[in-house]
Every structure is written in structure tokens, then in C-alpha cells.
Amino acid sequence: MTDSSFYILIDLFIAGCGIYIIVQYILMIRSRELRQNMMMPKDLKLEKCRDVEGYIHEIGTKQLVYGIVAVLCGGAGLAQDAIGLYNVYVSTISMVVFFILCIWYGLASKKAIEKFW
């Protein structure tokens with residue numbers, strides 16, 4: 001596997017995860033229910049949530065932003081891969097933004113779980 005195909009796989013993975021996160025957000029908003037497969041800890045018992053609506057309100061927009069940014073960062077990488085023009089600034093900014101958002105969403109999710117469970 002060449003370096004460029006490795007980057008394509010990573011960019012596809014990031015964009016795919018972003019799409020998955022957005023779909024989980026839409027399902028959560030439409031059904032007003034929590035699902036174990038929506039980036040929740042495996043050992044967390046969903047039925048013990050004290051306020052499902054409050055949790056959805058607390059985390060919903062953050063989850064959507066996280067998904068959109070993941071799609072944009074993965075898409076930026078895929079665009080660079082497709083064009084064959086690698087720009088170190090675009091790549092670095094995209095990576096830094098994505099990792100900062102990963103940390104931000106992880107902390108926000110942990111805080112919301114502590115608040116509603």
C-alpha cells in the first residue's frame with residue numbers, strides 16, 4: 001500500500017464516521033430516543049437516563065457539529081487525494097481542527113453523561 005492510498009483510507013474513514021454521526025443525530029432527534037450505537041459507552045445503561053430530552057438537548061447540536069466537521073475534514077483530505085495536489089497547510093489545519101473537535105466532543109459527551117445519569 002502506498003502512502004497516498006493510506007491517506008485515502010484515513011480520509012474515507014473520517015468522512016464515513018462523520019456521516020454515521022450525522023445519521024445517528026437525525027435518528028436521535030426524530031425518534032427522541034437514545035441508542036447504544038450512537039457513541040455511548042458500552043457499559044452505560046440507557047434506561048437509567050434521568051432526562052432523555054435534556055440529554056438530547058444538551059448533546060444534540062454538539063453531535064451534529066462534530067459530524068459535519070468530520071465530513072468536511074475527511075472531504076478536504078479526499079479532495080486533496082483526488083486532485084493529487086497535497087497542501088501541507090490545508091492538511092495540517094484539517095487534522096488539527098478534527099482532533100480538537102474529537103477532544104471537545106469527548107469532553108462534552110462525558111459532561112452530559114455525568115449530568116444526566
For the [atom1] atom of [X] and the [atom2] atom of [Y], what is their distance to the nearest 0.5 Å?
{"X": "I59", "Y": "M28", "atom1": "CD1", "atom2": "CE", "answer": "7.5 Å"}
{"X": "Y66", "Y": "C102", "atom1": "OH", "atom2": "SG", "answer": "3.0 Å"}
{"X": "K62", "Y": "L107", "atom1": "NZ", "atom2": "CG", "answer": "11.0 Å"}
{"X": "L9", "Y": "F6", "atom1": "CG", "atom2": "CZ", "answer": "8.0 Å"}
{"X": "D81", "Y": "I8", "atom1": "CG", "atom2": "CD1", "answer": "4.5 Å"}

Throw together a table of side-chain donor-acceptor distances under 3.5 angstrom for residues 11-27, partners on residues two or more places apart or in other chains.
unit_1	atom_1	unit_2	atom_2	d
Y20	OH	N37	O	2.4

Legend entry - Residue pair V65 / L101, side-chain heavy-atom distance below 4.5 Å: yes
Applying a strict under-4.5 Å side-chain criterion to I, L, V, M, F, W and Y, I'd like to know whether [X] and [Y] cluster together.
{"X": "V71", "Y": "I100", "value": "no"}
{"X": "Y55", "Y": "L44", "value": "yes"}
{"X": "V90", "Y": "V96", "value": "no"}

Inset, instruction - Could you give me the CA-CA distance, side-chain angles and deciding distance for M95 and C73, then say whether side chain to side chain contact (heavy atoms under 4.5 Å, CB included) is met? - result: CA-CA 7 Å; M95 219 177 346; C73 290; over 6 Å; no
Between side-chain atoms of residues 108-117 and protein atoms elsewhere (two or more places apart, or another chain), which donor-acceptor pairs fall under 3.5 Å?
unit_1	atom_1	unit_2	atom_2	d
K115	NZ	E58	OE1	3.2
W117	NE1	K45	O	2.9

Inset, instruction - Step through the shown structure and confirm whether more than 12 heavy atoms of other residues, nucleotides or ligands are within 6.0 Å of CZ on R32. - result: yes
Legend entry - Minimum heavy-atom distance L34-M40, with the two atoms named: CD1-CE, 4.5 Å
Inset, instruction - Show the numbers, then the answer: is there a side chain to side chain contact (heavy atoms under 4.5 Å, CB included) between I29 and L64? - result: CA-CA 11 Å; I29 293 298; L64 181 62; over 6 Å; no
